[in-house]
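For reference, the structure is listed below as structure tokens.
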Amino acid sequence: MPQPYDRVFNFSAGPSTLPVPVLEKAQAEMMNFRGTGMSLMEMSHRSAPFEEVLHNAEADFRALLGIPDRYKVLFLQGGASTQFATIPMSYLPAGKKARYVITGSWGKKALESAKILGDAEVVWDGKSGNYNDVPNDLALDASDDVAYTHFTSNETIQGVRFSTDPNWGGPLVCDMSSDILSRPVDISKYDLIYAGAQKNMGPAGVAIVVISDEMLAKGPDGLPPMFDYRVHAENDSMYNTPATWGIYICGLVYRHLLDTGGLEAAAERNDRKAKLLYDAIDGSNGFFKGHAVPSARSTMNVTFTLASDDLTKAFLKEAQAKQLDGLKGHRSVGGCRASIYNAFPEEGCQVLADLMRDFASRNG
Ligand SMILES: *Cc1c(COP(=O)(O)O)cnc(C)c1O
């Protein structure tokens, strides 16, 4: 079936596909935003219409995740990568150490910044298995000398994820960039969650930070204001000009998610979509090899390889001819990666799974 507007099935890892109704709404409101006579992009961030956009986006985001009042929600810039630095700058004082659980490429990058800024210790590293697993049963107790434990709930490049919120002692910090809003999360287990918007929430340019009041109060004095979460919290994410357009689109995505059943329903759709692909991998008699061990399989990024580069190239070519776009894997894993975030349609997973079976039967 041709897709609306001749759109492809967009498996891009990020920035990534957005819900068509969200894009249509943004298009309809583009030239004259809700009777203001201008585009939202052209409007002061101090204006009442934008303040309402920001307020509604936050309220809907809170409703989706069930965020308690004792947490602040910040809409920042600088992507998830800036938070890699701001977090240790803020919460890793001299004399304490931070624990990093490394399950893939993004965790390694977070660690790199932390090491520059303080004492960061690796407590688990999946390197020996080329990051094909996560330590779901790792035990970590609270300790006075531990400032926080950092982990990545879903590693976008390797396609591995934690199946539940970990029960580790002490302040818990999580990079949820590639699976935020893909399933319900128990926010009360965390002290700080952050995510770049461009995987599951909206366009690039917005980073969201959810932080407990307790964690926020631990921030040191003397930070440059742009790197001080308290400054952003006190100014309702308007210390400087926020990414107004990005926040607006995120808000439309949140509303769309609420209107389609919230995160329980999203998780069911995502499980179904991922299962179509993992079943095709598992049913291929080894023609396709999944990168992740089954217990760590991501529902957002499905990574798999074929026996040779030539086969991979031929498969990607056939996929492209079927409007299956962006399936080439990251060089560190090779093969293919199907990024199937919230907004990716189930039909696209079905088309890919059918092609996988067909291709394997012709080339196996
Ligand atoms: C994409 C991604 C990042 C980097 O996000 P930026 O917004 O580009 O800084 C960090 N962590 C994870 C898990 C990601 O998927």
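We count ligands from 1, going down the list as the structure has it; atoms in each ligand are counted the same way.
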Kindly print each ligand 1 N/O atom paired with any protein N/O atom under 3.5 angstrom away, one pair per line, or none if nothing qualifies.
unit_1, atom_1, unit_2, atom_2, d
ligand 1, 7 (O), Ala80, N, 3.1
ligand 1, 7 (O), Gln198, NE2, 2.9
ligand 1, 8 (O), Gln198, NE2, 3.4
ligand 1, 9 (O), Ala80, N, 3.2
ligand 1, 9 (O), Ser81, N, 2.8
ligand 1, 9 (O), Ser81, OG, 2.6
ligand 1, 11 (N), Asp175, OD2, 2.6
ligand 1, 15 (O), Thr156, OG1, 2.4
ligand 1, 15 (O), Lys199, NZ, 2.6

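A salt bridge links Asp228 with Arg230; the closest basic N to acidic carboxylate O contact falls under 4.0 Å.
Between Tyr91 and Tyr229, the two ring planes are parallel [angle under 30°; tilted spans 30° to 60°].
The backbone N or O of Asn130 lies less than 3.5 Å from a partner atom in the side chain of His291, making a donor-acceptor pair. Of the possible donor and acceptor atoms, one in the side chain of Lys273 sits under 3.5 Å from a partner among the backbone N and O of Tyr341.
With respect to Asn154, the side-chain hydrogen bond (donor to acceptor under 3.5 Å, both in side chains) criterion is satisfied by exactly one of Asp179, Thr103, Asn301: Asn301.
Legend: residues meeting salt bridge (Lys or Arg N to Asp or Glu O under 4.0 Å) with Asp69, ordered by chain and number and at least two apart, are absent.
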